[in-house]
Amino acid sequence: MLPLLSLLQELRRDGIHPIFRQLAEQLRELIASGQLPPGTRLPGSRELAKHLQISRLSVVHAYELLQNLGMLHSQVGKGTFVSAMQEVPEESRGVLTPASFSERQRLPIPHSSLHEMVDICPPQNQLISFLSGSLPYDFFPLQSVREAIDAVLDRDGAQALRYEPSTGYLPLRRSICEHVCSNGIRCQPDEVLITGGAQQSIDLILQALTQPGDAIVSANPTFLGLLDSLCARRLQVLGLPLDDEGMELTKLEEALQKPDRQAPALIFAAPCFHNPTGVEMSLPRRRHLLRLASQYQIPILEDGVFHEFRYEGTPLPPLKALDEEGIVIYSSTFSKNLLPGINTSYIIAPAGQHERFQIIHHAAEVATASLNQRVVQWLLEQGIVANQLGCNLRVMQRRRDAALYAAEHFFPREWRWRRPLGGFFLWVELPAVGPNASELYRQALEHGVSFAIGDYFFARCSDQRHLRLNFTEQEPKRICEGFQRLVRAWKTLVPCEKPLPVHP
Ligand SMILES: Cc1ncc(COP(=O)(O)O)c(C=O)c1O
């Protein structure tokens, strides 16, 4: 008991970060780093709860979460033990095998950061929100969608309402080949698979190419939907830090060179305007990553969702466009360049992988909504998607510039951020000493402004110093007002800074 207690750090009791999750994260880190080796017996839940002065349920939930990840197992009458991956008993590999409905209802739910983030932000009319990851409603092309639905129904009648083949509507797959060609990606319709959202694509590819316990390489921080899928699929993360050129590859190279370590199953890369940091991967880094993937034969899942959202600088080719070996699987969506509610996205993968992806896709949904696919195809064909994106980009660039102006003028000197050349987000780093992002968040809500707490985007929830601000959500005046509110909230926590100007 004592050695474990000395390894655990103090738990935050801020009401925002669930205690069970913090405990699970700490235990997971101790297991992954070898500080709690396989076979270690963990204290009973009652005993640990008493020592940590938390509820017993929090310990039980934390243990359950790690059991589902295959990192712990329990032996009746003996206790809970750290598992070696290959030693996990069969019965604790999957979720429990409960007999009744009431027992099933107690099965642990995989953790969802997305869910949690939305939950902690109370809806308020007066709130200036920089929280979401999506475009504001007034960007949605309502009239064009109405025309598209009419045109599709007039043209196709009931055909538009049937099940589509699970690979997707063929004319849409053809149009996507033309659409991505302008980004340098050359592909054939039989390499394109339509799915119901890029989040589904990520999960589908993880399901197709990994097994529980596998490690996935990703930048850390990363897209939180990826973290949710990794948790649900019981996968581990090899998190790589980011610099101005994108994911740093040194840690990956070191891991790959260790002969005793199992190679990662997949590399997740978002080279263009990475969510949440906005960083763009340089061309040399892209080539380096491709060389490593090819040398060690590790597939790359490229998330190209923000590729088209550039405000300045020369476009760089996606990894898929540089890929000569067919090692890159490309995923993108119409959620950002058109509207999220259309829920239509695509995977471009070498034809050899298709059958596998298709079968798994079919198990998740018989087919992606037919009407949506036909509407997207009509909008692509009429040039409306490109036109819409062009108009939105001009407005978004003004908002990005307003955010940079407001940050420059109002944010405290010790806050740090990069100039995003594209994408939706300003990623702000708070000073190492002083209030953290969650503390600021609570004060920010009091001052009528919200943002995304950076902690959620980190694989091990260890960072407390970052804020993600979606600058596309608000008009320039509201951005200035929102950033000033944020600084006022900060000053209630750090009161000795110089006073703010009232007007920009
Ligand atoms: C980087 C990234 N990838 C994937 C997705 C998921 O996209 P979709 O809305 O199509 O599921 C998002 C959504 O915000 C995202 O930011």
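Whatever order the structure lists ligands and atoms in, that order sets their numbers, starting from 1.
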Please identify each residue that fulfils side-chain hydrogen bond (donor to acceptor under 3.5 Å, both in side chains) with Ser229, with sequence neighbours left out. Gln199, Asp203
Note: Arg485-Glu481 ion pair, threshold 4.0 Å (strictly below): yes
Using a strict 4.0 Å threshold on nitrogen-to-oxygen distance, state whether Glu164 and Arg374 make a salt bridge. yes
Pairwise, report which nitrogen or oxygen atoms of ligand 1 are under 3.5 angstrom from protein nitrogen or oxygen atoms, and how far apart they are.
from     : atom 1 : to     : atom 2 : distance (Å)
ligand 1 : 3 (N)  : Asp303 : OD2    : 2.6
ligand 1 : 9 (O)  : Ser335 : OG     : 2.9
ligand 1 : 10 (O) : Ala198 : N      : 2.7
ligand 1 : 10 (O) : Thr333 : OG1    : 2.7
ligand 1 : 10 (O) : Ser335 : OG     : 3.0
ligand 1 : 11 (O) : Ala198 : N      : 3.1
ligand 1 : 11 (O) : Gln199 : N      : 3.0
ligand 1 : 14 (O) : Lys336 : NZ     : 2.7
ligand 1 : 16 (O) : Asn275 : ND2    : 2.9

For Glu308 and His179, which I'm curious about, is there any donor-acceptor pair between the side chains at under 3.5 Å? yes
With distance as the sole criterion, is a donor-acceptor pair present between the side chains of Gln297 and Ser294 under 3.5 Å? no
Let's go through Asp243 and Arg285 carefully: what are the C-alpha distance in whole Å and the side-chain angles of both, what is the deciding distance for salt bridge (Lys or Arg N to Asp or Glu O under 4.0 Å) to 0.1 Å, and is it a yes or a no? CA-CA 11 Å; Asp243 62 17; Arg285 190 71 61 84; 3.0 Å; yes
